[in-house]
A.B. asks: 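Structure below; questions to follow.
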Amino acid sequence: MTENKGNKKGAVALQYDRDRDDAPKVAATGRGDTAQRILAEAEKHDIPIRQDPDLLEVLSQIPQGEEIPPELYQAVAEILAFVYRVNERYQRG
């Protein structure tokens with residue numbers, strides 16, 4: 001989430017199933033109230049939130065349900081690695 005155009009906050013949710021998907025997909029995207037709902041759902045389900053204003057701008061242009069393009073694989077891989085580390089620490093207690 002980040003402040004940007006019109007002082008509205010934005011959010012993009014990604015989903016990725018290693019066994020089913022070739023690449024992460026955009027699950028949801030929005031600004032303002034929609035962004036707040038996306039973030040609230042993430043918090044409700046203990047999904048880590050990462051702030052990256054530049055990546056937000058790029059990902060928010062991808063239609064919902066579409067895979068991210070190959071040129072974003074590295075940036076998203078870093079975020080997924082962060083999420084996996086957080087999940088591992090959380091599971092260890």
A.B. asks: Using the rule given for side chain to side chain contact (heavy atoms under 4.5 Å, CB included), can you reason through R50 versus F82, listing the C-alpha separation, both sets of side-chain angles and the distance that settles it, and then say yes or no?
C.D. replies: CA-CA 9 Å; R50 176 84 180 253; F82 163 78; 3.5 Å; yes
A.B. asks: Which atom pair, heavy atoms only, marks the closest approach of A35 to A11?
C.D. replies: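 Residues A35 and A11, closest heavy atoms: CB-N, 3.7 Å.
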A.B. asks: Apply the test side chain to side chain contact (heavy atoms under 4.5 Å, CB included) to residues E41 and R37: give CA-CA distance (whole Å), side-chain angles for both, the deciding distance (0.1 Å), then the verdict.
C.D. replies: CA-CA 6 Å; E41 281 297 309; R37 286 194 301 274; 5.8 Å; no
A.B. asks: For the side chain of E67 and the backbone of K25, is there at least one donor-acceptor N/O pair under 3.5 Å apart?
C.D. replies: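 Not a single qualifying donor-acceptor pair exists.
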A.B. asks: Any salt bridge linking R85 with E88? Criterion: basic side-chain nitrogen under 4.0 Å from a carboxylate oxygen.
C.D. replies: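 The answer is no: the pair does not qualify as a salt bridge.
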A.B. asks: Is I62 reachable from L80 through a run of I, L, V, M, F, W or Y residues, each pair having side-chain heavy atoms under 4.5 Å apart?
C.D. replies: yes
A.B. asks: Could you go through residues 71-79 and list every donor-acceptor pair under 3.5 Å that involves a side-chain atom there, pairing it with any protein atom two or more places apart or in another chain?
C.D. replies:
unit_1: Q74; atom_1: NE2; unit_2: E78; atom_2: OE2; d: 3.1

A.B. asks: Following the transitive rule for hydrophobic clusters with a side-chain heavy-atom cut-off under 4.5 Å over Ile, Leu, Val, Met, Phe, Trp and Tyr, establish whether Y16 and V58 coincide in one cluster.
C.D. replies: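 In one cluster with Y16: V58, yes.
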A.B. asks: Would you compute the distance between atom CG of L59 and atom CG of L14 and round it to the nearest 0.5 angstrom?
C.D. replies: 5.5 Å
A.B. asks: Nearest 0.5 angstrom please: I38 CD1 to I47 CD1, how far?
C.D. replies: 11.0 Å
A.B. asks: Would you say D33 has more than 12 foreign heavy atoms packed within less than 6.0 Å of its CG?
C.D. replies: no
A.B. asks: May I ask you to decide whether R31 forms a salt bridge with E57, counting only side-chain N to carboxylate O separations under 4.0 Å?
C.D. replies: yes
A.B. asks: If I compare all heavy atoms of Q64 with all of A27, which pair ends up nearest, and what's the gap?
C.D. replies: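 Reported closest heavy-atom pair: NE2-O, 3.0 Å.
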A.B. asks: For G30 versus T34, what's the shortest heavy-atom pair and its separation?
C.D. replies: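 Shortest heavy-atom separation between G30 and T34 comes out as CA-CG2, 3.8 Å.
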A.B. asks: Could you check whether any side-chain N or O of D21 sits under 3.5 Å from a backbone N or O of P24, counting only pairs where one atom can act as donor and the other as acceptor?
C.D. replies: no
A.B. asks: Does V26 belong to the same Ile/Leu/Val/Met/Phe/Trp/Tyr cluster as L56, with side-chain heavy atoms less than 4.5 Å apart forming each link?
C.D. replies: yes
A.B. asks: Can you tell me how far the NZ atom of K9 sits from the CD atom of Q51, to the nearest 0.5 Å?
C.D. replies: 8.5 Å
